[in-house]
Amino acid sequence: MKIILKLKSIYTIIIVYSILIIAVTILSCNNSQLNTTVTSPNEFVKVDFFISDKGEPTYVVNYKNEKVIDTSKMSFDLKASSPLSENFKIINVKASTTDETWDMIWGEDAQVRNYYNALKVELVETSKLKRRLNIVFKVYDDGIGFRYEFPKQEHLNDVVIIDENTEFNLTGDHKVWWIPGDWDIYEYLYNTTKFSEIDALKHYEPETHLGQTYIPENAVNTPVTMKTSSGLYLSFHEADLTNYAGMTLAVDTQNLKMKSELVGNSENIKVKRQTPFNTPWRTIQIADRAGSLIESKLIVNLNDPSIIDNMLYFKPMKYSGIWWDMHIGTGSWDYSGKYHGANTKYAKEMIDFSSEHNIDGMLVEGWNTGWEKWWDKKNKKVHFNFVTPYPDYDLEEVVRYGKSKGVELVMHHETSADIIRYEKQLDTAFALMKNLGIHAVKTGYVGSILPEGEYHHGQYMVNHYQKVLEKGLETQVAINAHEPIKATGKRRTYPVAIAREGVRGQEYNAWAKDGGNPPEHLTIVPFTRMLGGPIDYTPGIFNTSLKPSRPENQINTTLAHQLALYVVLYSPVQMVPDLIEHYKGHPAMQFIKDVGVDWNTSKVLNAEIGEFITVARQEKSTKNWFLGAITDENKRTIKIKLDFLDEGKTYIARLYKDTSESHYLDNPEVFEIEENNVNKSTILELNLAQGGGCAISLIPKN
Ligand code: NOJ
Ligand code: CA
């Protein structure tokens, strides 16, 4: 495969200046004297790096002269070697500035500016081994990223990391939105507590439907987002997680500190590498407005440019599916079940419905043999076969019929986390898609990992998910992973990484015994999990009562809120998941038909984490605007200035809104449509019901 490395930039300025000679001179006197500082282009963010008296690498972060990270150390514990922690001196410092603009193949914005000041500090131990370690900082207006580089060297070849100890020493008892640092899953509701009140172990539920949920200590998963008492927003995460273990953050509630805690395996090994290698970037987003966290491109910017120029075989899409049936119990995955969902007749009906409603893709789950034994992992064997359909499902005919109607099949691979079995079938499974001209697959990793002793977020699995991306690239298949590795901006380098789950999705509303996702859930997720990248939430359930199939459950939002999610939650694949009978002839279907999935520009107009959020996006191809606003369990009135619209143009605004009667609990499906002429100077007043929302299409007149 031909890989073209191409950095699309309008202009790039790189100034590199080395202060080697000065540094060496000063260091030979006293290396603790040397302070190395790097600020963001607008000078609001400032990072000071220094070596402590004991020779420990240390950093401090300020934002507009307010300390946001106090003196924090950086070190590694290694197997069969002394820790890389102290007796360091600086031997070289390099500073540089980069300012470039790149095009997103698909995304929230057509173009992204990547503008930062960088500082690379080269360290060496003064002790016998003289091991070397470099630390690189990139400082942006909206936060920082730093990573460790392990250069090739005589006394450090095979590296086995037992612990990475990157500290994040907070300067207050901030308000935190967090989920437990589970080594396997991200499918939790967010907790909102003070930092000192984080208690992840309380959430340990060993036997959930996902089998293994391993939370070894009081730690949180990232992105973890905070608000300081001065009103600043901080979010901690990582970028470009490649051939390394995922990072959780251990929480010291007494001292208000966090420390990296890498996901390990049953052998207590976190990472095995050979020098030279780099760690992922440790990131801290810093913002005055909650919405700026979402608008920030820090995470993708810290990943390498795309290795492909375009991806003509895949374009962002809405997709339907034979899927919700299984979650509400009107269909089954397995052939022996009461009603096998994946049958040719139903698939063709779904294709007809999709092509009538501007839906370009269709997922079919339960199409392949093996589902009867899905839950039976006692004998440590999973039986899925990724090329053999059940007898009532004519795969080739479904693909052919879909193509004739402009609807492409989205393949499904539930691996049940049996990695050994899946990797054995990877070539044939992807060859089948290539031959049939299928360009997207939803993968799934429910349950504990086989081989035993590995976890979803450890290095072994990071490499597995990477292998699948590479295979997708080779065979022109985009990957939508469920129970995935966390999103760390890899979509920039590998645009085949279209979306992933790693969130408590809509499906929990169908069967969770805890009452499902509360109305506030999706006013938090965009500021936490989604800072890593797009999710496959599956918005747009119209039959929110779930009657008659699931009388004990319901969707805890109004219908207008469900519509608004198509704009609020960014994803290049947005499902239209409800049953055909709930959509056909429904007036709200017009919004789903119209709404875009690939954007020129995105703006968060207002937001408060855990309360409300309003997002406006302009579609790339049509230049139409769409707006989505959602609220938590409280009703509220919000004012929206349409000043982002084009000068001198009149638009038809179609509002899909709650009525004064709407309420997520007892009257969720009532809504109304209002149509107005609007322009750049219009201010809209939106009344959102409890658990409500509003979705708006803004289409230029003429
Ligand atoms: C869990 C996924 O999140 C869900 O969407 C899927 O239907 C099941 N696994 C079965 O693969
Ligand atoms: Ca899931």
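Both counts, for ligands and for their atoms, begin at 1 and track the order of listing.
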Worksheet entry | Member of Trp333, Tyr335, Tyr393 meeting the ring pair (Phe, Tyr, Trp, His ring centres under 6.0 Å) criterion with Trp371 |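 It is Trp333; the other options fail the test.
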
- Task: For Asp594, enumerate each residue passing the side chain to side chain donor-acceptor pair (under 3.5 Å) test, keeping only those at least two apart in sequence or located in another chain.
- Result: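 Partners of Asp594 under the side chain to side chain donor-acceptor pair (under 3.5 Å) test: Gln590.
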
- Message: I'd like to check the side chain to side chain donor-acceptor pair (under 3.5 Å) partners of Trp324; sequence neighbours left out, ordered by chain and number.
- Response: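 Counting only residues at least two positions away or on another chain, Trp324 forms no side chain to side chain donor-acceptor pair (under 3.5 Å).
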
request  = Return the set of residues passing ring-ring contact (aromatic ring centres under 6.0 Å, His included) with Tyr656 (not counting sequence neighbours), or none when no residue passes.
outcome  =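 Phe591.
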
**Minimum-distance N/O/S atom that Glu187 presents toward the Ca ion (ligand 2)** =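 Minimum-distance N/O/S atom of Glu187 relative to the Ca ion (ligand 2) is OE2.
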
Report the atom name of the nearest N/O/S atom of Glu483 relative to the Ca ion (ligand 2).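 It is OE2, the N, O or S atom of Glu483 closest to the Ca ion (ligand 2).
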
Item checked: Protein residues having a heavy atom less than 4.0 Å from any atom of ligand 1 ->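 Residues within 4.0 Å of ligand 1: Trp323, His327, Trp333, Glu365, Trp371, Trp374, His412, Glu414, Lys442, Val446, His482, Glu483, Glu501, Glu507.
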
Check your understanding: Could Glu470 and Lys467 be called an ion pair, given the rule that one side-chain N must be under 4.0 Å from one carboxylate O?
Key ->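 Between Lys467 and Glu470 there is no salt bridge, as every charged N stays at least 4.0 Å from the carboxylate O atoms.
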
For the residue pair Lys348 and Tyr401, would you count it as a cation-pi contact if the rule is NZ or CZ under 6.0 angstrom from the ring centre and within 45 degrees of the ring axis?
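Checked: cation-pi criterion met.
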
Shortest non-hydrogen contact from Pro389 to Leu395?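 Closest pair (atom of Pro389, atom of Leu395, distance): CG-CB, 4.0 Å.
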
